[in-house]
Amino acid sequence: MTRISLSRLHGERVLVVDGDAEQVIDLAALPAYVAGREADAAGPPRWVWDDTARWYPSLLAAGVRVARCQDLRLCHHLLRRAPAVDGRLLDGDGSAHWDRLGPAAAPSHPTLFSADDTAEHLRADREDERQLAAVAGSPEAARLGLLVAAESAGALVAAEMTYAGVPWRLDVHERLLAELLGPRPPRGARPQLLDELVAEVRRSLDSPALNPDSRPELLAALRRAGFEVADIRASTLQAVDHPAIAPLLRYKKLAHLFQTNGWAWVDEWVSGGRFRPSYQPAGSTTGRWSSNGGGALSFPVQVRSAAVADEGWVLVVADVAQLEPRVLAGMSRDRALARAARGADLYQGMVDDGAVATRQDAKLGLLGAMYGATSGESGRMVAGLTRRYPAAFGLVEEAARAGERGQVVRTLLGRGSPALGGTWDESPDAPPADLDDQDRRRRAYGRFTRNFIVQGTGAEWALCWIADLRNRLWRLGGDGPLDARPHLVLFLHDEVVVHAPAALADAVGAELTSAAATAGALLFRELDVDFPLTISVVQSYADAGKPGT
DNA sequence: TTTATGGGCGCC
DNA sequence: AGGGCGCCCATAAA
């Protein structure tokens, strides 16, 4: 496959390297050039660039969609930390700049490039050669190659989702806010209904100047009323029998809504009927995405009713049931657990297998194994299940031991965990740790590495899923730009939302299912692990059925 | 005055 | 003595 690298030069110019052919073109001419090459009879090339978030938004704005890319920043970061990669193959002219490269600024405006002086060091073609050599030279070249491709495809998805946005009904959101909080207050003021709750709490606690957001003040007021509590968590306050508690808890809940997804949030993140958050692919050390603007990965159930499909369109919402336990079955090649994973409910499968008495026990045991529970009900279930599923439970146990020894671990496709004392556990000049403290930290790192291999491999499955889905949705067709066709608008670790013309809802559902099967086969080959989806076709995201398993 | 940290809560 | 994140605030430190 043709690889074409793009490097920015000073001025508004771009160096294009296609095999032995080099040319310099104007930035303004880039969309037309890319569109032309995408239409090559021999198939679309792979675009090689420093950072998808820097190049792709302006292409999308010009109506150009690309099929494939290599995101050198993401892949450099990945390969640097991959245990199966010889780091020396990544060293060379300008490689230190790639080591230091951070994520591009959030693409709030699809601006082009900020002029800085690292341009000549970021020759994409040279870094591309090093990355190709690093992958090829690894004993795990096939898996790493897949990971690099999936990571890059994820970056394309992220840019496309920000470009398209989640269809968002301002009127629905504002009606919701008005009902729960009252009319929009002037800047800096508390909404009326929150104010009333504060007044009630103050009255009730006989503290006329109480700031309900202040922990010390709240603790003191409660003490005066005769209640000694250790903290002001909602779950703690629930147990206090005092008339101030009910309005206080309601205040806390609504204040959170006001602050996090209130009018200010709308002003900042919703425009033109679309919610456009910013995603950070591989933003967490496990390879999961994070979101550094808009809170896309954590917008609460409460405001999801405002995510409503356009007229004549629907939202197709799909989530994977018990993704991580299934991934564990696959990566450990535990045939007994994989058998239990046939069908819609893995936990029920374990019950039917006779491994455990109830569904709840199965869930407790599996989650306990993945998170490193050592005590309580969960801890006890782990012991029993280890005998039934030795490969699966042994794998996470081994990862925990490795972490406790200070060793790094890796996901199925080869992403490495950050080293102990590295980015994982940053405390520059920690006070001279005593032995107990040292021990605690090693155990904590062991719990982290235990979870890392599962959460990280789960993230890899999800990347393969959305990468394949992206292409399938494109092939479903329609004419015109990306957002005139069925397209992804949201991705939340194990769940996606597709915005699609109503007539294509069933077809989209079929592609979601096929893409999940493809992802399973890519990661686990012939080992048959099911990844059943719960699919809802809805107008409003709030109506999607979510079995909370 | 600005900056860093931790509690509390939201999501998976 | 249970993993990963972001965001908001109050608070403490600088």
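In what follows, chains carry the letters A, B, and so on, assigned in the order in which the sequence lines appear, proteins first and then strands, with residues in each chain numbered from 1.
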ask   = Got a sec? Which of residues 210-241 of chain A come in under 4.0 Å of DNA chain B, heavy atoms?
value = A:Arg215, A:Asp231, A:Ile232, A:Arg233, A:Ala234

key: Residue A:Arg250 excluded, over 12 heavy atoms near CZ under 6.0 Å   = no

ask   = Base, sugar-phosphate alone, or nothing: which one does A:Val301 contact when heavy atoms must sit under 4.0 Å apart?
value = sugar-phosphate

message = Below the 4.0 Å mark, does B:dC12 have OP1 or OP2 next to a side-chain nitrogen or oxygen of A:Thr286?
response = no

task = Have a look at A:Gly368 and say if it touches a base, only the backbone sugar-phosphate, or nothing, with a 4.0 Å heavy-atom cut-off.
result = nothing

key: Exceeds 12 heavy-atom contacts within 6.0 angstrom, atom NE2 of A:His77   = no

ask   = Are any non-hydrogen side-chain atoms of A:Arg190 and A:Pro185 less than 4.5 angstrom apart?
value = no

Pair A:Arg224, A:Ser207: side-chain N/O donor-acceptor within cut-off below 3.5 Å = yes

inquiry  = My understanding is that only residues two or more places apart in sequence, or in another chain, count here; which of them pass salt bridge (Lys or Arg N to Asp or Glu O under 4.0 Å) with A:Arg326?
reply    = none

inquiry  = So for atom CD, which belongs to A:Glu196, do other residues, nucleotides or ligands contribute more than 12 heavy atoms lying within a distance under 6.0 Å?
reply    = yes

ask   = Aromatic rings A:Phe524 and A:Phe531: how do their planes relate, parallel, tilted or perpendicular, breaks at 30° and 60°?
value = parallel

request  = Write out the stems for DNA chain C, ordered by first number and formatted as range with range, counting runs of at least 3 consecutive Watson-Crick or G-U wobble pairs under 3.5 Å.
outcome  = B:1-12 with C:3-14

ask   = Is there a side-chain polar atom (N or O) of A:Arg447 under 4.0 Å from OP1 or OP2 of C:dG3?
value = yes

ask   = Do any of residues 247-260 of chain A sit with a heavy atom less than 4.0 Å from DNA chain B, and if so which?
value = A:Lys252, A:Lys253, A:His256

ask   = Got more than 12 heavy atoms from elsewhere within 6.0 Å of CG, A:Asp206?
value = no

ask   = Does a donor on one side chain and an acceptor on the other come within less than 3.5 Å for A:Asp71 and A:Tyr56?
value = no

Residues within residues 165-201 of chain A bordering DNA chain C, heavy-atom distance below 4.0 Å = none

Please list each protein N or O that sits under 3.5 Å from an N or O in nucleotides 12-14 of chain C, with the distance.
none

message = Would you call the rings of A:Tyr389 and A:Phe393 parallel, tilted or perpendicular, taking 30° and 60° as the class edges?
response = parallel

ask   = Can you check whether A:Ser290 has a side-chain N or O nearer than 4.0 Å to OP1 or OP2 of C:dG6?
value = yes

ask   = Does atom CG of A:Asp241 have more than 12 heavy-atom neighbours, drawn from other residues, nucleotides or ligands, at distances under 6.0 Å?
value = no

ask   = Which is it for A:Arg288 and A:Glu324 under the salt bridge (charged side-chain N to carboxylate O under 4.0 Å, His left out) test, yes or no, and what are the steps along the way?
value = CA-CA 13 Å; A:Arg288 272 190 176 186; A:Glu324 289 177 357; 3.3 Å; yes

message = Parallel, tilted or perpendicular: which one describes the rings of A:Phe491 and A:Trp289, with boundaries at 30° and 60°?
response = perpendicular

key: Closest to side chain of A:Tyr371, choosing from C:dG3, C:dG4, B:dC12   = C:dG3

query = Are A:Trp168 and A:Trp265 near enough that their ring centres are under 6.0 Å apart?
reply = yes

query = Where the side chain of A:Ser298 is defined as all heavy atoms beyond and including C-beta, which of B:dC12, C:dG2, B:dC11 is the nearest nucleotide?
reply = B:dC11

